[in-house]
Amino acid sequence: MNSKVVKNIAIVAGILVGIGIILTLVGGLNGGFWDSGQAVNKHVSVEKFENIKVDVDVFSVKVVQGDGYQVDYSYTDKKEKPRIHVEGDTLIVDSQKGQHFFNFDLIGGLNLLKNHHRQEVVITYPRHVKLGNVTLAQDLGDCNIEGGSFDLLDVTLDMGDLALSSVFMDKFHLNMSKGDCTISSVKANKGKINMDMGNFTATAFVAKGLDILLSAGDLDLQGTFQGTNNLETDMGEINVDTDLPKSRYSYHFAVDMGDVTIDGNSAKSQSVVNINAPNQLNLTSGVGDSNVNFGKESVD
């Protein structure tokens, strides 16, 4: 069999496979295996808890402050259902598997087309309570945390966005495969952040030591940054606006392809300044500009 025949057979086979996939999808959309079921909304009052552990496939998750301990959730009756229980002092929310459409990993665990209805878990705890460890792991879905104080916030998102506002935490750990992170009015003593594809944007951010690595995305920080701060992007800009003056930092830039500016003025890559200053800014970029704006020096 010559190569031309083999090629034609391969083309025909590819067309037939494509037609089969299309017909299967059409059948599913007309009530076949893609039976999304009915939307279900539940409200559950739970026992007092001090820690939270969430591990779900296809849910958006919110953690908010309120008047008591409760969980509200929405799901489809023929799809993934959350299991909610308290073990010791930890609230646990995980997935109870049901029927699914098709499920495959695309970018860091993309679970695609599992349902039509929005699936969401909202965790509420009293306003005066400080939580210990809050661990959130999601395959597909956004995460939103509004207010609160935690010993540790550890978030893992395969595909989805993260939004934090008015949160204080001693330690902040973040791992994201695909999605953006936006934070506002957040304090963290220590932060360790790794993102594969997405932007990290922070305003009114107060931190005492950051390790941030973005593979593809822009890093924009505005706030007060003490301690040692290692900021790196493989492909993307780094923009830092700190409230502290230049004299309070030693800083170092390593930019392979891009420009460096300090307070709007061009600077050289590999610069090391104020070695004995109490705080450090280390900026590393493969492809992208790096820009730092310092706060004003105090006048005695």
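Computed from a predicted model, the values in this text were never measured in an experiment.
Ring pair Phe225/Tyr249: centre-to-centre distance not below 6.0 Å.
No hydrogens or angles considered: a donor-acceptor pair under 3.5 Å links the side chains of His43 and Asp72. Asp142 and Ser60 share no side-chain donor-acceptor pair at under 3.5 Å. A donor atom on one side chain and an acceptor atom on the other are found under 3.5 Å apart for Ser74 and Asn41. A donor-acceptor contact closer than 3.5 angstrom is absent between the side chains of Asn51 and Asn133. Thr156 and Asn175 form no side-chain donor-acceptor contact under 3.5 Å, judged by distance and modelled atom types alone.
Under a hydrophobic clustering in which Ile, Leu, Val, Met, Phe, Trp and Tyr are joined whenever their side-chain heavy atoms come within less than 4.5 Å, directly or via other members, Val93 and Val46 fall into the same cluster. Residues Ile92 and Val129 do not share a hydrophobic cluster, defined by chaining ILVMFWY side chains whose heavy atoms lie under 4.5 Å apart. Residues Val71 and Val64 fall into different hydrophobic clusters, defined by Ile, Leu, Val, Met, Phe, Trp and Tyr side chains chained together at heavy-atom separations under 4.5 Å.
A pairwise comparison of heavy atoms in Ile238 and Ser285 identifies CD1-CB, 4.4 Å as the closest pair.
Under the 3.5 Å distance criterion, the side-chain polar atoms of Asn189 are left unmatched by any main-chain donor or acceptor of Lys208.
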Worked check of salt bridge (Lys or Arg N to Asp or Glu O under 4.0 Å) between Lys48 and Asp89: CA-CA 7 Å; Lys48 175 183 176 181; Asp89 58 4; over 6 Å; no
Test salt bridge (Lys or Arg N to Asp or Glu O under 4.0 Å) applied to Asp94 and Arg83, step by step: CA-CA 5 Å; Asp94 55 17; Arg83 295 184 298 183; 3.1 Å; yes
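Within a 6.0 Å radius of CG in Asp263, other residues, nucleotides and ligands contribute more than 12 heavy atoms. More than 12 heavy atoms of other residues, nucleotides or ligands shown are found within 6.0 angstrom of NZ on Lys130.
Taken to the nearest 0.5 Å, the CG atom of Asp180 stands 7.0 Å off from the OG1 atom of Thr201. The CG atom of Asp218 lies 7.0 Å from the CG atom of Asn239; values are rounded to the nearest 0.5 Å.
Using cut-offs of 30° and 60° for the angle between ring planes, the Phe200 and Phe205 rings count as tilted.
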